[in-house]
Every structure is written in C-alpha cells, then in structure tokens.
Engineer: 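One structure, as structure tokens, below. Some questions next.
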Amino acid sequence: MKKSIFFSLLAGAALLCGCATEYKLGTTLAPELCDVYVPTVLNESGQPEAARHLTRELHKEIRREGTLRIVPEELAATRLDVVITSYEQEAVTYNKDSTQDPNRYRMYLTARVRFAKIGRNGQPDEVLFERSSVRGDETFDGGSQSLAFKLRCLPEVAKDLSETIVDACVGAW
C-alpha cells in the first residue's frame, strides 16, 4: 500500500514537473494589435550593413516568436520603428604574451525603438513600448581592424538585439 502511494506521488510530481517546464506565459499584447508594419531599420551608427542585418533579423525573430505578424502598412494595427544609434566594440581579452594586443572583442549595437498602435481617423499613435536605448551584444575573436571578423559577428549581434526588441514588443501593455 505504501509503495503504491509513493509511486503515485512520484508519478504526479513527474507529471507536474513536465507541465511546468513546458509552460509559456505568452503575450500581454492584445490580439488585435498583433498585425505589425516594420519599415526598414534606419542606421545612424556609421557601421555599414548594420541596418540590413538588423532588418533581416527582426523579420526572422518576429516569424520565429509567432505572436506578431508582419503586414503592409495599410493593414497594420501597430508599427515598429527602429533606428540603430551606435556601434561599439571593446577589447575583452588580450594575448597572454602582450597586454597591448587584444584577441577577443565584444561588439554592441544600440537602437532607439518605438512600438506604437497606429492612430486612425486623425487620432495620434498610442505608444505601447518606447526606449531610447536597447542594446544587443556578441563576442568575437580577431584583431580590432579585422573586417572579416566584424562582418561575421554583425549578424549575431543583430540577432541578439532583434530578440530583445521583439520580446519587449510582445510584452508591451
């Protein structure tokens, strides 16, 4: 009798743990606001290709996440405007033989983000999420002047930034 109670409790606990690990909170965004227009990302950073990579990664992340749907502007309920404001890199590790010679860097892309419900019939837009600074980062190996390493890292930092932006939009009140 004690064994069957023990195994029943154990099975119930396993089932509960399994359900808990698959639980997803979902979005706080109203369903009628999920159709979004995403214009091309603007680039004020001076880093060539940054806007192209971030635009592509935003589209991929929106499709992957599944809450928002990208639609033409005339069909959209919301609009996501993104402006890349800075590109930075900093040395994070140096060669063991020379403290003057970095061998690993962290790249940052920072953007200004505005996600708003589009105003209709003369009504102003209603801002759902707005930040003057949202940052993505990624680490890469190579010399500071190594263009090949920077270009390989740029899609990764754009991906990190796009995930942060989409999460913020989906969680907008």
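Values in this document were obtained by computation on a predicted structure and should not be read as measured data. Only this structure's heavy atoms are used, side chains among them; waters, hydrogens and symmetry mates stay out.
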Engineer: Give a yes or no on whether the backbone of Leu33 and the side-chain of Thr78 come within a donor-acceptor separation of less than 3.5 Å.
Structural biologist: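 Checking the backbone N and O of Leu33 against the side chain of Thr78, a donor-acceptor pair under 3.5 Å is found.
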Engineer: How far does SG of Cys153 sit from CG of Asp160, to the nearest 0.5 angstrom?
Structural biologist: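 One gets 10.0 Å once the value is rounded to the nearest 0.5 Å.
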Engineer: How about Arg112 and Glu44: do any of their side-chain heavy atoms sit closer than 4.5 Å?
Structural biologist: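 Counting from C-beta outward, Arg112 and Glu44 do come under 4.5 Å.
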Engineer: Just how far is it from atom CD1 of Ile62 to atom SG of Cys169, taken to the nearest 0.5 Å?
Structural biologist: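 With rounding to 0.5 Å, CD1 (Ile62) is 7.0 Å from SG (Cys169).
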Engineer: To the nearest 0.5 Å, tell me how far Glu49 CD sits from Asn43 CG.
Structural biologist: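 Taking CD in Glu49 and CG in Asn43, the distance rounds to 9.5 Å.
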Engineer: Under a 4.5 Å side-chain heavy-atom rule over Ile, Leu, Val, Met, Phe, Trp and Tyr, are Val83 and Leu128 clustered together?
Structural biologist: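 In one cluster with Val83: Leu128, no.
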Engineer: Is it the case that one hydrophobic cluster holds both Ile70 and Ile118, taking links as side-chain heavy atoms less than 4.5 Å apart, direct or via other members?
Structural biologist: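 Per the 4.5 Å side-chain linkage, Ile70 and Ile118 are not co-clustered.
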Engineer: Suppose the criterion is salt bridge (charged side-chain N to carboxylate O under 4.0 Å, His left out): which pairs have a residue in residues 114-123, not counting sequence neighbours?
Structural biologist: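 For residues 114-123, and leaving out neighbouring residues, the salt bridge (charged side-chain N to carboxylate O under 4.0 Å, His left out) pairs sorted by first residue read Arg114-Asp125, Arg114-Glu130.
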Engineer: Can you give me the closest heavy-atom contact between Phe129 and Ala168, atom names plus distance?
Structural biologist: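 Answer, listing the atom of Phe129 first, then Ala168: CZ-CB, 3.3 Å.
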Engineer: If I take atom CD from residue Glu90 and atom CE from residue Met107, how far apart are they, to the nearest 0.5 angstrom?
Structural biologist: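 Going from the CD atom of Glu90 to the CE atom of Met107 covers 12.0 Å.
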Engineer: Is there a donor in the side chain of His53 and an acceptor in the side chain of Arg56, or the other way round, less than 3.5 Å apart?
Structural biologist: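 Note: His53 and Arg56 side chains meet the donor-acceptor criterion.
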Engineer: Same cluster for Val157 and Tyr108 if Ile/Leu/Val/Met/Phe/Trp/Tyr side chains link at under 4.5 Å?
Structural biologist: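 In one cluster: no.
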Engineer: Ignoring hydrogens and angles, tell me if any N or O in the side chain of Thr110 forms a donor-acceptor pair with the backbone of Arg135 under 3.5 Å.
Structural biologist: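 No; zero donor-acceptor contacts below 3.5 Å.
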Engineer: Rounded to the nearest 0.5 Å, how far does OG1 of Thr40 lie from CG of Asp81?
Structural biologist: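 Here the interatomic distance stands at 11.0 Å.
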Engineer: Quick one: CG on Leu109 to CG on Asp137, what's the gap to the nearest 0.5 Å?
Structural biologist: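 Result: 9.5 Å between the selected atoms.
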Engineer: If you compare all heavy atoms of Val36 against all heavy atoms of Ala76, which two are closest, and at what distance to 0.1 Å?
Structural biologist: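 Heavy atoms only, the tightest pair is C-CB, 4.0 Å.
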Engineer: Using a distance-only test with no angle check, is there a side-chain donor-acceptor pair under 3.5 angstrom linking Glu65 and Thr67?
Structural biologist: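 Yes - a donor-acceptor pair under 3.5 Å links their side chains.
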Engineer: With a 4.5 Å limit on heavy-atom distance, are the side chains of Arg63 and Leu68 in contact?
Structural biologist: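 When only atoms from C-beta onward are counted, Leu68 and Arg63 do not touch, as no gap falls below 4.5 Å.
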Engineer: Consider side-chain hydrogen bond (donor to acceptor under 3.5 Å, both in side chains). Of Arg106, Arg104, Gln89, which one does Thr139 pass it with?
Structural biologist: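 The option that passes is Arg106.
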Engineer: Given Val113, which of Leu161, Thr164, Val134 fulfils the side-chain contact (heavy atoms from CB on, under 4.5 Å) condition?
Structural biologist: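 Of the listed residues Leu161, Thr164, Val134, the side-chain contact (heavy atoms from CB on, under 4.5 Å) partner of Val113 is Val134.
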Engineer: Less than 4.5 Å apart, side chain to side chain, heavy atoms only: is that true for Val41 and Leu58?
Structural biologist: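 Touching, per the 4.5 Å side-chain cut-off.
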Engineer: Could you point out which residue of Val82, Ile165, Leu29 forms a side-chain contact (heavy atoms from CB on, under 4.5 Å) with Phe115?
Structural biologist: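 Running side-chain contact (heavy atoms from CB on, under 4.5 Å) over Val82, Ile165, Leu29 with Phe115 returns exactly one hit, Leu29.
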Engineer: Please, which pairs that meet salt bridge (charged side-chain N to carboxylate O under 4.0 Å, His left out) have at least one residue in residues 68-78, sequence neighbours excluded?
Structural biologist: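 Listed by first then second residue: Asp35-Arg69, Glu73-Arg79.
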Engineer: One thing to verify: whether Glu61 and Arg64 come together as a salt bridge, which I'm taking to mean a side-chain N less than 4.0 angstrom from a carboxylate O.
Structural biologist: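 So Arg64 pairs with Glu61 through a salt bridge.
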